[in-house]
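Remarks on the structure that follows.
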Amino acid sequence: MNGHEMAQLNKAVVKEMWAALGSFDFEKLKACLHPDVHYEDIPTEDAGAMGPENVVGRLSVAWDHLKQQDQITHHIAAEGSVVFLDHTEKWTFKSGETAEHRFVTLHELRDQKIIKWSDFWDMANFVGQFPQ
């Protein structure tokens with residue numbers, strides 16, 4: 001398999017993972033993650049989460065308050081084992097309020113599974129939109 005084919009396969013895994021997240025399909029999301037995955041929110045001081053179960057546990061802290069999560073992809077670029085995604089998430093809370101933010105995510109893949117997931121975003125802007 002050449003580098004271009006590898007990049008296209010990795011891009012497909014990333015798209016599948018984000019589609020699963022948007023539809024709250026955590027089993028499908030975990031299937032896209034490498035057993036040694038490390039997830040981190042770059043603007044926070046938190047160390048992130050290691051392993052698929054811990055990643056889903058961390059995501060569930062927010063997702064448990066949502067009734068809908070929409071993904072808008074602006075750009076996706078892949079080279080070898082790295083996929084960058086420029087996207088917007090729109091969250092609709094169970095209480096009816098919405099919050100929207102644009103961010104970039106770096107994904108590194110090994111064996112067609114995401115082993116590194118790093119979100120880069122403006123925390124004050126996004127969290128400032130959350131309902132009490």
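The figures here come from the full heavy-atom set of this structure, side chains too, leaving out hydrogens, waters and symmetry mates. This is a predicted model, so every value here is computed, not measured. Positions are given from 1 along the sequence.
- In this structure, Leu33 is a member of the same hydrophobic cluster as Trp63, with clusters built from ILVMFWY side-chain heavy atoms closer than 4.5 Å.
- For Glu16, there are no salt bridge (charged side-chain N to carboxylate O under 4.0 Å, His left out) partners two or more places apart in sequence or in a different chain.
- Distance CG/Leu106 to NZ/Lys116: 6.5 Å, rounded to 0.5 Å.
- Val13 has its side chain out of reach of His107: every pair of non-hydrogen atoms, C-beta onward, lies at least 4.5 Å apart.
- Atom CG of Leu66 and atom OG1 of Thr92 lie 8.0 Å apart (nearest 0.5 Å).
- Side-chain contact between Asp41 and Asp46 is absent, with no heavy-atom pair separated by less than 4.5 Å.
- Summarising the geometry of Ala78 relative to Val83, their closest heavy-atom pair is CB-CG2, 3.9 Å, with the distance given to 0.1 Å.
- Surrounding CD of Glu79 are at most 12 heavy atoms belonging to other residues, nucleotides or ligands under 6.0 Å away.
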Working note: Thr88 + Lys90, criterion side-chain contact (heavy atoms from CB on, under 4.5 Å); need CA distance, chi angles, decisive distance, verdict. CA-CA 7 Å; Thr88 297; Lys90 181 177 179 185; 5.5 Å; no

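- A chain of hydrophobic side-chain contacts below 4.5 Å, direct or via other Ile, Leu, Val, Met, Phe, Trp or Tyr residues, connects Leu59 to Leu85.
- With Glu5 contributing its side chain and Asn2 its backbone, the two residues share a donor-acceptor pair below 3.5 Å.
- Within the structure, salt bridge (charged side-chain N to carboxylate O under 4.0 Å, His left out) pairs that include any residue of residues 61-71 do not occur (at least two apart or interchain).
- The nearest pair of heavy atoms linking Trp91 to Gln69 is CD1-CG, 3.6 Å.
- Considering every non-hydrogen atom in both Val37 and Pro52, the closest pair reads CG1-N, 3.6 Å.
- Atom-to-atom distance recorded for Phe93:CZ and Thr98:OG1 is 8.5 Å, nearest 0.5 angstrom.
- With rounding to the nearest 0.5 angstrom, the NZ atom of Lys94 is 8.0 Å from the NE2 atom of His65.
- Checking side-chain atoms of Lys113 against main-chain N and O of Ala31 turns up a donor-acceptor pair under 3.5 Å.
- In terms of the ring-ring contact (aromatic ring centres under 6.0 Å, His included) criterion, residue partners of His87 (sequence neighbours excluded) are, by chain and number, Trp18, Phe103.
- Heavy atoms of other residues, nucleotides or ligands lying less than 6.0 angstrom from NE2 of His75 number 12 at most.
- A side-chain donor-acceptor contact under 3.5 Å links Asn10 to the backbone of Gly80.
- A 4.5 Å side-chain heavy-atom check between Lys15 and Thr73 finds every atom pair outside the cut-off.
- Leu109 is not listed as a side-chain neighbour of Leu9, based on a closest heavy-atom distance of 4.5 Å or more.
- For the atom pair Thr105 OG1 and Glu40 CD, the distance stands at 11.0 Å (nearest 0.5 Å).
- When hydrophobic clusters are built by joining Ile, Leu, Val, Met, Phe, Trp and Tyr residues whose side-chain heavy atoms come closer than 4.5 Å, directly or via intermediates, Val82 is grouped together with Phe120.
- The CD atom of Gln112 lies 10.5 Å from the OG atom of Ser81; values are rounded to the nearest 0.5 Å.
- Follow the hydrophobic side-chain contacts under 4.5 Å out from Met50 and you never reach Met17; the two are in separate clusters.
- Hydrophobic cluster membership is shared by Phe26 and Tyr39, with clusters built from Ile, Leu, Val, Met, Phe, Trp and Tyr side chains linked at under 4.5 angstrom.
- Between His38 and Gly48 the shortest heavy-atom distance is NE2-CA, 4.3 Å.
- Within the 4.5 Å cutoff, the side chain of Ile114 has no heavy atoms near those of the Glu108 side chain.
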